[in-house]
Amino acid sequence: MLVSAKEMLNKARDGHYAVGQFNINNLEWTKAILQTAQELSAPVILGVSEGAGKYMCGYTTIVGMVKGMIDNLGITVPVALHLDHGTFEAAKACINAGFSSIMFDGSHYPIEENIKLTTALVNTCDILGISLEAEVGAIGGEEDGVIGMGECADPKECKQIADLGVTMLAAGIGNIHGKYPANWPGLRFDVLADIKAAVGDMPLVLHGGTGIPEDMIKKAISLGVAKINVNTECQIAFTAAVRGYIEAGKDLSGKGFDPRKVLAPGVDAIKATVKEKMEIFGCIGKA
Ligand code: 13P
């Protein structure tokens, strides 16, 4: 069964650890993440971007796949299926498709518009028992080869959005999607502390989990971060492992061309990455 992320995040906040959101891109990733969470007895959030949603043939396909895996793999740890950085339209589509958690990213709108659209989703999600993540302050990342540094969230705006009754809040604090550039100045803990002071108990979400040093992750958790998103690191690990298998070349004759064999090293690499992250986040054994 899919669950809302609310309970797992409130527990993480109270227990001073973070739950991992690992983005899924195909069946192999989904299976690897679910099996690792089960093996480590950790709650987990499966993130789906709109692009990954299209790639995997739509949100209803994903709901069917994830629910089927939970049943057939005997997954008993809490699993939330979460839209990552959704538009308002994608949020509605995922609610209709059966997702248990939604991120509406209104951070690029003026704050009034972000409040209006987030408010419209708060009531619906509340009635349906779906967790809702909102965003304030843009998270940086690569676009057309240029890495934007993002824009730190205004703590007052964070409070305005938190007060609407969302489940969790993503706030830009100098974090970036994808790899961090060599001149990255690090997370803005001063801004994070101000946001935490403004929003109180609201679980905070740290995007761009790839490449943030362990000490910064732990400090962010100590300042109220209860959910950390990871995608690029799994992509890098998966691709490197599959490439290594193919370049080794030795097994590509005979049965070596079987896609289940070719992708197996990638699956193992995802499992290792998820385990490593869960160790740092402190969520192992918390299911
Ligand atoms: P990374 O790709 O940098 O790990 O970020 C993932 C993320 O924040 C998804 O929302």
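Distance CG/Leu34 to CE/Met65: 8.5 Å, rounded to 0.5 Å. Within the model, atoms CD1 of Ile95 and CG of Leu121 stand 5.5 Å from one another, a figure rounded to the nearest 0.5 Å. Rounding to the nearest 0.5 angstrom, the gap separating the OG1 atom in Thr232 from the CD atom in Gln235 is 5.5 Å. The OG atom of Ser49 lies 8.5 Å from the CG atom of Leu83; values are rounded to the nearest 0.5 Å. We find the OG1-CD distance between Thr36 and Glu276 to be 12.5 Å, quoted to the nearest 0.5 Å. To the nearest 0.5 Å, the span separating CD1 on Ile111 from OG1 on Thr118 amounts to 8.0 Å.
Without hydrogens or angle criteria, Asn72 side chain to Gly68 main chain gives a donor-acceptor distance under 3.5 Å. No side-chain donor-acceptor contact under 3.5 Å links Tyr59 to the backbone of Ala90. Counting only distance, with no hydrogens or angles, the side chain of Ser131 and the backbone of Ala5 share a donor-acceptor pair below 3.5 Å. At distances below 3.5 Å, at least one donor-acceptor pair connects side-chain atoms of Arg13 with backbone N or O atoms of Asp201.
Between Thr30 and Met69, the shortest heavy-atom contact is CG2-SD, 3.8 Å. Scanning all heavy atoms of the two residues, the minimum distance from Ile115 to Gln160 falls at CD1-NE2, 3.7 Å. Across all non-hydrogen atoms, the minimal contact from Ile70 to Met1 is CG2-N, 3.3 Å. For the pair Cys234 and Trp29, the tightest heavy-atom approach, listed with the atom from each and the gap, is CB-CZ3, 3.5 Å. The two residues Glu233 and Gly211 come nearest to each other via the heavy atoms OE1-N, 3.4 Å. Closest heavy-atom contact between Leu204 and Leu223: CD1-O, 4.1 Å.
At a cut-off of 3.5 Å, with distance as the only test, a side-chain donor of His207 or Asn229 sits close to an acceptor on the other residue. Using modelled atom types and a 3.5 Å distance limit, the side chains of Ser101 and Glu133 yield no donor-acceptor pair. For the residue pair Lys116 / Asn114, no side-chain donor-acceptor distance below 3.5 Å is found, with atom types taken as modelled.
Glu7 and Lys11 are joined by a salt bridge, as a carboxylate oxygen and a charged side-chain nitrogen come within less than 4.0 angstrom of each other.
Ile176 and Val230 fall within a single hydrophobic cluster, where Ile, Leu, Val, Met, Phe, Trp and Tyr are joined by side-chain heavy atoms under 4.5 Å apart, directly or via other members. Grouping the Ile, Leu, Val, Met, Phe, Trp and Tyr side chains by contacts below 4.5 angstrom, directly or via other members, places Ile102 with Val66. Linking Ile, Leu, Val, Met, Phe, Trp and Tyr residues whenever their side-chain heavy atoms come within less than 4.5 Å places Leu81 and Tyr55 in a single cluster. Linking Ile, Leu, Val, Met, Phe, Trp and Tyr whenever their side-chain heavy atoms come within less than 4.5 Å puts Leu132 and Val136 in one cluster. In the hydrophobic cluster analysis, where Ile, Leu, Val, Met, Phe, Trp and Tyr join through side-chain heavy atoms closer than 4.5 angstrom, Ile161 is grouped together with Leu192.
The number of heavy-atom neighbours closer than 6.0 Å to NZ of Lys6, taken from other residues, nucleotides and ligands shown, is 12 or below. Heavy atoms of other residues, nucleotides or ligands lying less than 6.0 angstrom from NZ of Lys31 number 12 at most.
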*Take Asn23 and Asp84, measure what side chain to side chain donor-acceptor pair (under 3.5 Å) needs, and give me the verdict at the end.*
CA-CA 8 Å; Asn23 283 42; Asp84 188 28; 3.0 Å; yes
*Can His85 and His177 be said to form a ring pair (Phe, Tyr, Trp, His ring centres under 6.0 Å), step by step?*
CA-CA 12 Å; His85 290 286; His177 289 123; 4.8 Å; yes
*I would like to know whether Asn25 and Asn231 meet side chain to side chain contact (heavy atoms under 4.5 Å, CB included); could you show each step before the answer?*
CA-CA 9 Å; Asn25 286 285; Asn231 182 20; 3.7 Å; yes
*What's the verdict on side chain to side chain contact (heavy atoms under 4.5 Å, CB included) for Phe99 and Ile130, showing C-alpha distance, side-chain angles and the deciding distance?*
CA-CA 8 Å; Phe99 275 49; Ile130 294 172; over 6 Å; no
_Show, in sequence, the C-alpha distance, side-chain angles and deciding distance for Asp163 and Lys159, and conclude whether the salt bridge (Lys or Arg N to Asp or Glu O under 4.0 Å) test is met._
CA-CA 6 Å; Asp163 284 350; Lys159 178 162 169 45; 2.8 Å; yes
*So Val262 and Phe257, side chain to side chain contact (heavy atoms under 4.5 Å, CB included) or not? Walk me through it.*
CA-CA 7 Å; Val262 176; Phe257 52 75; 5.6 Å; no
*Can you list the steps and then say if Val3 with Ser100 is a side chain to side chain contact (heavy atoms under 4.5 Å, CB included)?*
CA-CA 6 Å; Val3 298; Ser100 64; 5.7 Å; no
*Would Glu50 and Lys54 count as a salt bridge (Lys or Arg N to Asp or Glu O under 4.0 Å) if you check the C-alpha gap in whole Å, the side-chain angles of each, and the deciding distance to 0.1 Å?*
CA-CA 6 Å; Glu50 287 190 48; Lys54 282 197 191 101; 5.1 Å; no
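Because its NZ or CZ atom is both nearer than 6.0 Å to the ring centre of Tyr17 and within 45° of the ring axis, Lys286 counts as a cation-pi partner of that residue.
Residues Met202 and Val166 form a side-chain contact, since some pair of their non-hydrogen atoms from C-beta on lies under 4.5 Å apart. Contact of the Ile45 side chain with the Phe22 side chain is not registered, since no non-hydrogen atoms from C-beta on lie closer than 4.5 Å. Looking at Leu117 and Glu113, their side chains come closer than 4.5 Å, going by heavy atoms from C-beta outward. Using a 4.5 Å cut-off on side-chain heavy atoms (C-beta onward), Val191 and Cys152 make contact. Looking at heavy atoms from C-beta onward, Leu169 lies out of side-chain contact with Val205 at the 4.5 angstrom threshold.
Among residues two or more places apart in sequence or in another chain, the ring pair (Phe, Tyr, Trp, His ring centres under 6.0 Å) test is passed with His82 by none.
Checked options Leu187, Asn175, Leu206; the residue passing with Met216 is Leu187 (criterion: side-chain contact (heavy atoms from CB on, under 4.5 Å)).
The ring-ring contact (aromatic ring centres under 6.0 Å, His included) analysis of residues 259-287, with sequence neighbours excluded, yields no pairs.
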